[in-house]
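Since the structure comes first, as structure tokens, the remarks are kept for the end.
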Amino acid sequence: MPEGGVRCRIAPAPTGSLHVGNARTALYNWLFARHHGGSFVLRIEDTDRKRSTEEAIGVIVDSLRWLGLDWDEGPEVGGDYGPYRQTERLEIYRRTVERLLEEGRAYPCYCTPEELEERRRAALARGETPGYDGRCRSLSQAERRRFEAEGRRRAVRFAMPGEDVTVHDLIRGETHFPASDLKDFVILRSDGTPTYLLAAAVDDVLMRMTHVIRGEDLLPSTPRQVKVMEALGATPPRYAHLPLIVGPDRQPLSKRHGAVSVEWYREQGYLPEALVNYLALLGWSYDDVTTFFTLEELVEKFDLSRVSRNPAAFDLEKLTWMNGHYLRAADEERLVGLLVEALRREGIEAPPEAVRAALPLVRERMHTVREGVGYLRFLFVEVKPDEKAHRLLGPDRAGYLEEVARRLEGLQEWTPEAVEAALRALKDERGLSSKDAFQPVRAAVTGRLVSPPLFESIALLGRDRTLARLRAAATAG
RNA sequence: GGUCCCAUCGUCUAGCGGCCUAGGACACCACCCUCUCAAGGUGGAGACACGGGUUCAAAUCCCGUUGGGACCA
């Protein structure tokens, strides 16, 4: 394969948001293309009209862009091998099928679902491998005319050559498929729509794909697509089948495992560079110690030969840890923007200057922007102590909280240092432990037992609101 | 049921015959730091699925078994 000649693609079906599994496939394709200075193509496989939506295309496009994966050809950017939506290519598929029909590489099949089912059962009963028996392949012209006259619906099947097929996979090596398992399959349904097997194969040929990097679930369809391509007189691309991403139960990752869409991670406040880094390492590794990679480093280092063959379990905890790392490294203004935006989504209008002032308190301890919002909200809205905090604010604390308020009220300067000095002095006078001295104050002021550093928090909250909260807690108790 | 894929700590993985008394990361435990929680630091526990071969030598090669999974039906 000449350098620069690499062409690969991601071909999502727009039936929902971008699944993290597809995101990883997209990433690997993109990295492979960029590494080799080739082209990355986005193709929309929307032939399933009932489930495909315009909105989903938008979401997928946004998610890919958010991740930083740009495409050289496809929706919104065009290209020399379009159109890039399969619903706009239906005529191409029909003509292709017509050609295969004329050349005897495909044939009409009039079998009804009922007949197929009946023969399948019979084959099973005889202990044979079920699968299409090729009945319509040898129909005479007369028989065909008779079926047509009966008004039978006609599908088109591809005539498999009846030979064993070896697929050379860049990740798995050679895989052999026996001819006995490669039965003639439908390429054009009776309603005139192409099947996945045909459409993807035709597009990969016409779009000049040199490499097809996709999920392992498509490995079994490869020998069929290769034969279709050969029947079309084309040279099949090189294939690389990625192991699946599974959930904690080792089942393919799906909605029931919770978060699977890139969109969700974005909303929760994960950074794209964290998701990319995590996904890159989910099924690929560079060496035995390197954990963090920028997109540029990935482009430089990515290599299909180092892709794993084992299904990988998606580990949200590790992703979250990694996100914390990127959050700590992120630019201050970017974080302020993200926090302001996330606060707004919760109905809180926070002045950017206030968020900027509070940033040092949260950037070390948040793992997601959303978590940061949880730490900061007490600064912007009145808080109602949560259950644990409430328990610390019983009547026996009222006097103490009242005293804390009095001491703070008398402060000349409202700074973290002054607040700390006052609270520590009281703590020492009363011989209290840190826990007994500070936790009730934290509960009253932030409404939680877990918060950013107390003295800084009080300083940011301001005198009036702090005193009000302390006294409210004292009276409520 | 048939075909195919896969098999190292709980998880992601390094390992491609001797460097392995198996390395790193997340999670976990302990300690340090400490106003809570984090972050950070130090230390710890934790894996080659099993059985046969091949070889002077196997986590690494071959064959079986078992166990997962995909696809087709």
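Nucleotide B:A57 forms no Watson-Crick or G-U wobble pair with any nucleotide shown, as no partner meets the under 3.5 Å limit on both distances. Summarising the base pairing, B:U34 is matched to no nucleotide, lacking a Watson-Crick or G-U wobble pair whose two defining distances lie under 3.5 Å. With a cut-off of 3.5 Å on both Watson-Crick or G-U wobble distances, the partner of B:G64 is given as B:C50.
When rounded to the nearest whole Å, the span between CZ of A:Arg172 and P of B:C6 equals 6 Å. Atom pair A:Glu216:CD and B:G68:C1' shows a separation of 11 Å (rounding to whole Å applied). In this entry the distance linking NE2 of A:His241 with P of B:U3 reads 20 Å, nearest Å. Between the P atom of B:U36 and the CZ atom of A:Phe378 lies a distance of 16 Å, rounded to the nearest Å. Rounded to whole Å, the distance from CG on A:Leu361 to P on B:C35 is 16 Å. In this structure, the NZ atom of A:Lys427 is 10 Å from the P atom of B:U36, given to the nearest Å. Atom-to-atom, OH of A:Tyr375 to P of B:C35 comes out at 17 Å; the value is rounded to the nearest Å. We find that CG of A:Leu242 is positioned 17 Å from C1' of B:C4, with the value rounded to whole Å.
Annotation: B:U11 and B:G51 have their C1' atoms spaced 28 Å apart (nearest Å). Rounded to the nearest Å, the gap between the P atom of B:U55 and that of B:C12 is 36 Å. Remark: the separation of the P atoms in B:A49 and B:A22 is 15 Å, to the nearest Å. The gap from the P atom of B:C28 to that of B:A39 amounts to 9 Å, rounded to the nearest Å. Atom name C1', nucleotides B:G52 and B:G43: the rounded distance is 41 Å, in whole Å. Taking atom P in both B:G46 and B:G10, one finds a spacing of 11 Å when rounded to whole Å. With C1' as the reference atom, B:U8 and B:G1 are 33 Å apart, rounded to whole Å. With P as the reference atom, B:A14 and B:C71 are 25 Å apart, rounded to whole Å.
Judged by closest nucleotide on RNA chain B, A:His176 is the one of A:His176 and A:Leu454 placed further toward the 5' end. Mapping A:Gly283 and A:Arg328 onto RNA chain B via the closest heavy atom, the residue that lands nearer the 5' end is A:Gly283.
The pair A:Asp169-A:Arg309 fails the salt-bridge criterion, with no side-chain N (NZ, NE, NH1 or NH2) lying under 4.0 Å from an Asp/Glu carboxylate O.
Closest approach to the A:Ala313 side chain among B:A70, B:C5, B:U11 is made by B:U11 (side chain taken as heavy atoms from C-beta onward). Across B:U3, B:U36, B:G23, the shortest atom-to-atom separation from the side chain of A:Pro453 is found for B:U36. Minimum atom distance to the side chain of A:Phe177 is reached by B:U3, of the listed B:C12, B:U3, B:G69. With distances taken from any side-chain atom of A:Phe455 to the nucleotides B:A14, B:C35, B:U13, the minimum falls on B:C35. Nearest nucleotide to the side chain of A:Val450, out of B:U13, B:C6, B:U36: B:U36. Closest contact between the side chain of A:Glu456 and the listed nucleotides B:U13, B:U3, B:C35 involves B:C35. Taking every side-chain heavy atom of A:Lys318 into account, B:G24 is the closest of B:G24, B:A70, B:C35.
Close to B:C35, at under 4.0 Å from its OP1 or OP2, lies a side-chain N or O of A:Arg424. When the side-chain nitrogen and oxygen atoms of A:His367 are compared with OP1 and OP2 of B:A39, one or more of them lie within a distance under 4.0 Å. One finds a side-chain N or O of A:Gln251 lying less than 4.0 angstrom from the OP1 or OP2 phosphate oxygen of B:G69. At B:C37, none of the side-chain N or O atoms of A:Arg365 fall inside 4.0 Å of OP1 or OP2 (strictly under the cut-off). At B:A14, one or more side-chain N or O atoms of A:Ser285 fall inside 4.0 Å of OP1 or OP2 (strictly under the cut-off). OP1 or OP2 of B:C12 lies within a sub-4.0 Å distance of a side-chain N or O belonging to A:Arg250. At least one side-chain nitrogen or oxygen of A:Asn310 sits closer than 4.0 Å to the OP1 or OP2 atom of B:A7.
Although no hydrogens or angles enter the test, the distance criterion places no donor-acceptor pair under 3.5 Å between the side chain of A:Arg9 and the main chain of A:Arg43. Here the side chain of A:Ser221 pairs a donor or acceptor atom with the backbone of A:Leu218 at under 3.5 angstrom. Put simply, the side chain of A:Arg365 gets close to the backbone of A:Leu361: a donor and an acceptor are under 3.5 Å apart. For A:Arg448 (side chain) and A:Gly374 (main-chain N/O), a donor-acceptor pair under 3.5 Å exists by modelled atom type.
Residues A:Pro14 and A:Ile60 come closest through the heavy atom pair CA-CD1, 3.8 Å.
For A:Arg442 against B:C35, a side-chain N or O and a base N or O form a donor-acceptor pair under 3.5 Å.
Counting non-hydrogen atoms under 4.0 angstrom, A:Leu281 reaches the backbone sugars and phosphates but no base. Nucleic acid contact for A:Leu244: sugar-phosphate only, since backbone atoms but no base atoms lie under 4.0 Å from a heavy atom of the residue. Residue A:Arg224 is out of contact with every strand shown, counting any heavy-atom pair closer than 4.0 Å. In this structure, A:Pro248 reaches neither bases nor backbone, as no heavy-atom distance under 4.0 Å exists between it and the strands shown.
Remark: the A:Asn277 side chain and the A:Tyr326 side chain contain an N/O donor-acceptor pair separated by less than 3.5 Å. Side chains of A:His241 and A:Thr222: a donor-acceptor N/O pair is present below 3.5 angstrom, by distance only.
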